[in-house]
A.B. asks: 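Following this message is one structure expressed as structure tokens.
Every value quoted in this text rests on a predicted model; they were computed, and no experiment measured them. Residue numbers start from 1 in every chain, and the chains themselves are labelled A, B, ... in the order their sequence lines are given, proteins ahead of strands.
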Protein chains: 2
Amino acid sequence: MAMTKRPARTQDVPIPIDVRARTITDIARLAGVSAGTVSRALSGSSLVKPRTSEKIRMLATAHGFSPNIAARNLRTRRTGAVGVIIPLGHEAGQHISDPFFMALLGHLADALTDRGYDLLLSRVLPSNKDWLAQFVDSGRVDGVIIIGQSDQSAVLDEVASRYLPIVVWGGHIEGQVYCSVGSDNKLGGRLATEHLINKGCRRIAFFGDAAAPEIAQRLDGCREALAEAGIDATIDYLPVHLTAENAHPAILARLSENRIVPDGIVAASDVVGMSALRALSEFGLSVPSDVRVVGYDDLSIAAQTTPPLSSIKQDLATGAAHLVDILFRRMAGEATESVVMAPSLICRSST
Amino acid sequence: MAMTKRPARTQDVPIPIDVRARTITDIARLAGVSAGTVSRALSGSSLVKPRTSEKIRMLATAHGFSPNIAARNLRTRRTGAVGVIIPLGHEAGQHISDPFFMALLGHLADALTDRGYDLLLSRVLPSNKDWLAQFVDSGRVDGVIIIGQSDQSAVLDEVASRYLPIVVWGGHIEGQVYCSVGSDNKLGGRLATEHLINKGCRRIAFFGDAAAPEIAQRLDGCREALAEAGIDATIDYLPVHLTAENAHPAILARLSENRIVPDGIVAASDVVGMSALRALSEFGLSVPSDVRVVGYDDLSIAAQTTPPLSSIKQDLATGAAHLVDILFRRMAGEATESVVMAPSLICRSST
DNA sequence: TAAAGAAATTAAATCGATTGCAATAACAAA
DNA sequence: TTTGTTATTGCAATCGATTTAATTTCTTTA
């Protein structure tokens, strides 16, 4: 059979099924309906006849079609994304890969994914006062979760007073305007300290930098517990940063100063606690017989140290669930109250 | 003076300066120019007269205006966001908060922030084959970084063959189509094993689940090194999951089976290594005198264990920089080669 | 069978910023 | 003053999905 060459005319060429339909209009043409119908069919509207709807869905999946999100966002004035912001105000050295941030972030990702929302991660070094307002006004997200007040509570208050869908992870501070979810840090510090006192410790040290409000509250609780127990020794406060790289040498240095060695240590985080364990071991002191150590956060690493680290547990899974739940309620226009969760002591071999 | 009640007419009310201008058109009206000019002025186009441009910018900042991102995205067909996806194929139990993922994620967030891009985090349980195509076609991001092949390399190949801006963290696999950045896992396994052999170990165990290709390659390297050293003992392979919760009891159980206890352990990750340290300690074996342990990844926790854990270091900061750099080159249309980085041994007290 | 009512679908406006092209203003040279 | 350029600005189309209002089609019921 002889082949006849002829110019391809558009109408001669059937649309190949494997060409990816890009827009809703493409699908509409294929299905012989209008774009509006396709939109409704794909969003599961009951306005379209079941037969039509099914045909459209078949076509859509056959062509691997997925609607353009930017266009949808523009029209619906929603984004389907939630911003998670980590302000690193007081400790420039503190990196986003801090295990605590990451653990909470993981839970948030899970909770948001479950609700079909995207998570827009943003690490901010708050240089000017406008960082949050800018982010909020850019319309990239439907709501914002801030992990840690850092030293930015003034900024948080200001934005929260005009922008409803925002929630902050952190301890509750007297007079704050914004809505927060966190655990009772003062109580946590107290629990740790009382536990050490009960175990017989009398010379108690606190390792952690009280520049962050959460840490300051823990230190407060620690002091209160000591005062109530009638122990008048001033607490041995060592303001170490929360990274292992900083904490370990600082702790070693303190131990070497040959002042009185503490017999109980409250660490402001598990990472600091872990560094303390290591430093003590290197210094020839054994845990718990010479010194007892309590960490904070009860991350999964706490259970894996040698010896396993006692720790003040903040239930991050519940915390993340609260954060997301409250955020969605606020996105729906509801005013919500802050949540303060009770921390609990997890007792392991280090005490 | 008597007050006269009258209906408020729109033109009577001057636009208050403190009302947030929402759209570019609002600003245009205030500045007495057209929307196009505002758009150009704010994007720093040289087409607008400097005086006009300055006036517009003043107004914009005075009203705290920031342009609607969705509209811009729709028009420009760019999003200013990069997707970071963690597929959890082979281990449903493995959680996004795995320290390795998180460490890499932190570096990625930093690198992307530096370039002014947002990071859209997505955790995927690949139930159907379409998860990646769907994500890529939804137009939410300008490019995609995948952390870990998991068991999805077929899917990756398929999408990569038609969608350029995608990069994968992971080892290089024979014949892969997609572009990857990762370290040489086989070499890593070999380094760890040779190190143990040099230290005199002869009964070497490997703890980690070879269902993931990265881990399988490490195990391969391990076997090769043993073969080359002429040690014919079959390796003691224990396929533990990469979470501390799973690894620790599995390792304890293995130790209790009173078969021959290994004198050297290659752990597939630092978390597993840490669990091994703890299990050994609980079992009354001391590290490194009875058993030597090498971890993998060299996360910051490795240095803080007691004893500090020797580990095969993957340079995640460099890796993240490579991933982002390659992704941007691909977003610009360039074809790029995969990168295989050389891991290195960090020797600490555990060996 | 026609009219009324319900169901399904279409047409067209809309979201807000960007940008090619046209139009005007400003200015220089003749 | 007129013409020719160039520097600015305005107009209107565009991106693609959603949604209101309008229209067509199909059922009922009188």
A.B. asks: Which whole-number value in Å describes the distance from B:R77 CZ to C:dT19 C1'?
C.D. replies: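 So the CZ-C1' distance, B:R77 to C:dT19, works out to 14 Å.
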
A.B. asks: Nearest whole angstrom, please: distance from the P of C:dT14 to the CG of A:N68.
C.D. replies: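 Roughly 21 Å, once rounded to whole Å.
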
A.B. asks: Checking the side chain of A:T113 only, and the main-chain atoms of A:A109 only, is there a donor and an acceptor separated by less than 3.5 Å?
C.D. replies: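 The answer is yes, because a donor-acceptor pair under 3.5 Å joins these two groups.
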
A.B. asks: If you measure only the distance, is there a donor-acceptor pair under 3.5 Å linking the side chains of A:R57 and A:S53?
C.D. replies: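 A:S53 and A:R57 do have a side-chain donor-acceptor pair below 3.5 Å.
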
A.B. asks: Quick one: do B:R330 and B:D325 make a salt bridge, cutoff under 4.0 Å?
C.D. replies: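 No salt bridge links B:R330 with B:D325.
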
A.B. asks: Return yes when atom CD of B:E334 has more than 12 non-hydrogen atoms of other residues, nucleotides or ligands closer than 6.0 Å, and no otherwise.
C.D. replies: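 Count over threshold, so yes.
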
A.B. asks: Round to a whole Å and report the spacing from CG of A:L74 to P of C:dT18.
C.D. replies: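 Atom-to-atom, A:L74 to C:dT18, this comes out as 12 Å.
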
A.B. asks: B:Q152 and B:W131: side chain to side chain donor-acceptor pair (under 3.5 Å), yes or no, with the steps?
C.D. replies: CA-CA 10 Å; B:Q152 300 288 314; B:W131 60 274; 3.0 Å; yes

A.B. asks: Using the closest heavy atom to pick a nucleotide of DNA chain C for each, name whichever of B:I69 or B:K49 lands nearer the 5' end.
C.D. replies: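 Nearest-nucleotide comparison on DNA chain C picks B:I69.
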
A.B. asks: Can you tell me how the ring of B:F100 sits relative to the ring of B:W169, calling it parallel under 30°, perpendicular over 60° and tilted otherwise?
C.D. replies: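 Geometry flag for B:W169 against B:F100: tilted rings.
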
A.B. asks: Does A:S43 reach a base, just sugar-phosphate, or nothing at all? Heavy atoms under 4.0 Å.
C.D. replies: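 No contact at all - A:S43 keeps every heavy atom at 4.0 Å or more from the nucleic acid.
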
A.B. asks: Return the value, rounded to whole Å, for the distance between atom CG of A:L47 and atom P of C:dA6.
C.D. replies: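 Rounded to whole Å, this separation is 15 Å.
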
A.B. asks: Just the table, please: protein N/O against nucleotides 10-12 of chain C N/O, every pair under 3.5 Å.
C.D. replies:
unit_1, atom_1, unit_2, atom_2, d
C:dT10, OP2, A:S34, N, 2.8
C:dT10, OP2, A:S34, OG, 3.1
C:dT10, OP2, A:T37, OG1, 2.8
C:dT10, O4, A:R40, NH2, 2.7

A.B. asks: Could you state the CZ-P distance from B:R78 to C:dT19, rounded to the nearest angstrom?
C.D. replies: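 So the CZ-P distance, B:R78 to C:dT19, works out to 10 Å.
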
A.B. asks: Got a donor-acceptor contact below 3.5 angstrom from the B:S39 side chain to the B:A35 backbone?
C.D. replies: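 It does not hold such a pair.
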
A.B. asks: Atom CD1 of A:I56 and atom C1' of C:dA8: how far apart are they, to the nearest Å?
C.D. replies: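 Roughly 11 Å, once rounded to whole Å.
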
A.B. asks: Which one of B:L120, B:L121, B:I146 satisfies the side chain to side chain contact (heavy atoms under 4.5 Å, CB included) criterion with B:I85?
C.D. replies: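 Going through the options one by one, the only one that passes is B:I146.
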
A.B. asks: B:V33 and B:T52: side chain to side chain contact (heavy atoms under 4.5 Å, CB included), yes or no, with the steps?
C.D. replies: CA-CA 9 Å; B:V33 297; B:T52 319; 4.1 Å; yes

A.B. asks: Side chain of A:R75, base of C:dT14: donor and acceptor closer than 3.5 Å?
C.D. replies: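 In this structure, the two groups form a donor-acceptor pair.
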
A.B. asks: Could you check A:T76 against A:S46 and say which one's nearest nucleotide on DNA chain C is further toward the 5' end?
C.D. replies: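 Here A:S46 is the residue nearer the 5' end.
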
A.B. asks: When you measure from the side chain of B:D157 to the backbone of B:Y178, do you find a donor-acceptor pair of N or O atoms at a distance under 3.5 Å?
C.D. replies: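 The answer is yes, because a donor-acceptor pair under 3.5 Å joins these two groups.
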
A.B. asks: A:R51 CZ to C:dA7 P: how many Å, rounded?
C.D. replies: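 From A:R51 CZ to C:dA7 P: 17 Å.
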
A.B. asks: Please report the C-alpha distance between A:D142 and A:T79 in whole Å, then the side-chain angles of each, then the deciding distance to 0.1 Å, and finally whether the side chain to side chain donor-acceptor pair (under 3.5 Å) criterion is met.
C.D. replies: CA-CA 6 Å; A:D142 297 334; A:T79 69; 3.1 Å; yes

A.B. asks: What is the distance from atom OG1 of B:T37 to atom NZ of B:K49, rounded to the nearest 0.5 Å?
C.D. replies: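 Answer for the OG1-NZ pair, B:T37 versus B:K49, is 11.5 Å.
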
A.B. asks: Grab the CG-P distance between B:N73 and C:dA17 for me, whole Å please.
C.D. replies: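 From B:N73 CG to C:dA17 P: 12 Å.
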
A.B. asks: Nearest heavy atom decides the nucleotide; on that basis, is A:S66 or B:V48 closer to the 5' end of DNA chain D?
C.D. replies: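 So the residue in question is B:V48.
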
A.B. asks: Using a cut-off of 4.0 Å on non-hydrogen atoms, how would the nucleic acid contact of B:S39 be classed: base, sugar-phosphate, or nothing?
C.D. replies: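 Contact class for B:S39: base.
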
A.B. asks: Taking any atom under 4.0 angstrom from a heavy atom of chain B, which nucleotides of DNA chain D are the first and last to qualify, 5' to 3'?
C.D. replies: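 From 5' to 3', the first and last contacting nucleotides are D:dT8 to D:dG16.
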
A.B. asks: Bend angle of the helix from C:dT1-D:dA30 to C:dA30-D:dT1 from five-pair axes at both ends, rounded to 10°?
C.D. replies: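 The end-segment axes of the helix from C:dT1-D:dA30 to C:dA30-D:dT1 are tilted 50° relative to each other.
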
